[in-house]
Amino acid sequence: MNLHDNLYRPALNYIKKERFTGSDTGMRFLFEKKKYEEDGREVIFTCVWPEPFAFDHTEEERKEYQEFPLTEEGLHEAVAWVESKHGDFQ
């Protein structure tokens, strides 16, 4: 899996508007913007989980979450985190 390849990497502007999901060799992943109402903070909400089911049909205990700043640097960190988790699902 190479989310650093621009063909597969989510764009920050896309994540600001839509949920980005994908899968590769046993692992599914999600990137989306999350806004905290109490302080207005916005983050990239990221999740990985094992195949075969979609996010909404996978048990919560099988999902792993992480948040990153809603910036290009935060997106780079989120992509690196998802790629680092890939080996856990093969």
Side-chain angles (χ1 to χ4, degrees):
M1 179 165 90
N2 186 3
L3 286 174
H4 291 285
D5 182 332
N6 286 336
L7 181 62
Y8 301 105
R9 182 180 185 264
L12 185 60
N13 285 337
Y14 185 89
I15 293 171
K16 287 180 178 181
K17 296 176 184 171
E18 298 289 334
R19 176 185 272 191
F20 181 90
T21 61
S23 65
D24 184 57
T25 320
M27 181 183 84
R28 293 185 181 243
F29 54 89
L30 168 146
F31 298 84
E32 70 180 342
K33 178 178 90 172
K34 181 176 181 180
K35 183 174 184 174
Y36 289 96
E37 295 299 324
E38 61 273 6
D39 62 5
R41 184 172 54 99
E42 296 180 327
V43 298
I44 300 171
F45 177 79
T46 309
C47 181
V48 295
W49 67 96
E51 290 184 328
F53 301 115
F55 181 82
D56 293 336
H57 298 285
T58 300
E59 298 89 8
E60 202 54 39
E61 59 273 4
R62 301 189 76 196
K63 299 174 187 172
E64 202 171 329
Y65 299 98
Q66 189 75 310
E67 293 180 353
F68 301 90
L70 189 62
T71 62
E72 283 295 333
E73 183 177 318
L75 180 57
H76 179 74
E77 293 171 8
V79 166
W81 179 76
V82 168
E83 288 184 332
S84 76
K85 300 311 243 170
H86 188 253
D88 296 349
F89 297 96
Q90 293 181 351

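In this structure, Lys16 and Asn13 have side chains that are in contact, with non-hydrogen atoms separated by less than 4.5 Å. When side chains are defined from C-beta on, Trp81 counts as touching Thr46, because their heavy atoms get closer than 4.5 Å. Residues Glu60 and Tyr65 are in side-chain contact: their nearest non-hydrogen atoms beyond the backbone lie under 4.5 Å apart.
The two atoms that bring Leu12 and Glu72 nearest to each other are CB-OE2, 3.3 Å, heavy atoms only. Scanning both residues, Glu42 and Lys33, for their nearest heavy atoms gives OE2-NZ, 3.6 Å. Residues Arg28 and Pro52 come closest through the heavy atom pair NH2-O, 2.9 Å. Pro69 and Glu77 make their closest contact through CD-OE1, 4.1 Å (heavy atoms, listed as atom of the first residue, atom of the second, distance). Scanning both residues, Ala78 and Ile44, for their nearest heavy atoms gives CB-CG2, 4.4 Å.
Under the 4.5 Å side-chain heavy-atom criterion for Ile, Leu, Val, Met, Phe, Trp and Tyr, Phe68 and Leu30 are members of distinct hydrophobic clusters. Both Leu75 and Val48 belong to a single network of hydrophobic side chains, linked directly or stepwise wherever heavy atoms of I, L, V, M, F, W or Y lie under 4.5 Å apart. Hydrophobic cluster membership is shared by Phe29 and Leu70, with clusters built from Ile, Leu, Val, Met, Phe, Trp and Tyr side chains linked at under 4.5 angstrom.
Within 6.0 Å of CD on Glu61 lie more than 12 heavy atoms contributed by other residues, nucleotides or ligands.
Side chain of Lys63 to main chain of Cys47: no donor-acceptor pair is present (N/O by atom type, distance under 3.5 Å, no hydrogens or angles).
The side-chain contact (heavy atoms from CB on, under 4.5 Å) test with Phe45 is passed by exactly one of Arg19, Lys35, Glu67: Glu67.
Taking the ring axis of Phe53 as reference, the NZ or CZ atom of Arg62 does not stay both within 45° of it and closer than 6.0 Å to the ring centre.
Between Tyr14 and Phe20, the angle of the ring planes goes over 60°, which puts this pair in the perpendicular group of the 30/60° scheme.
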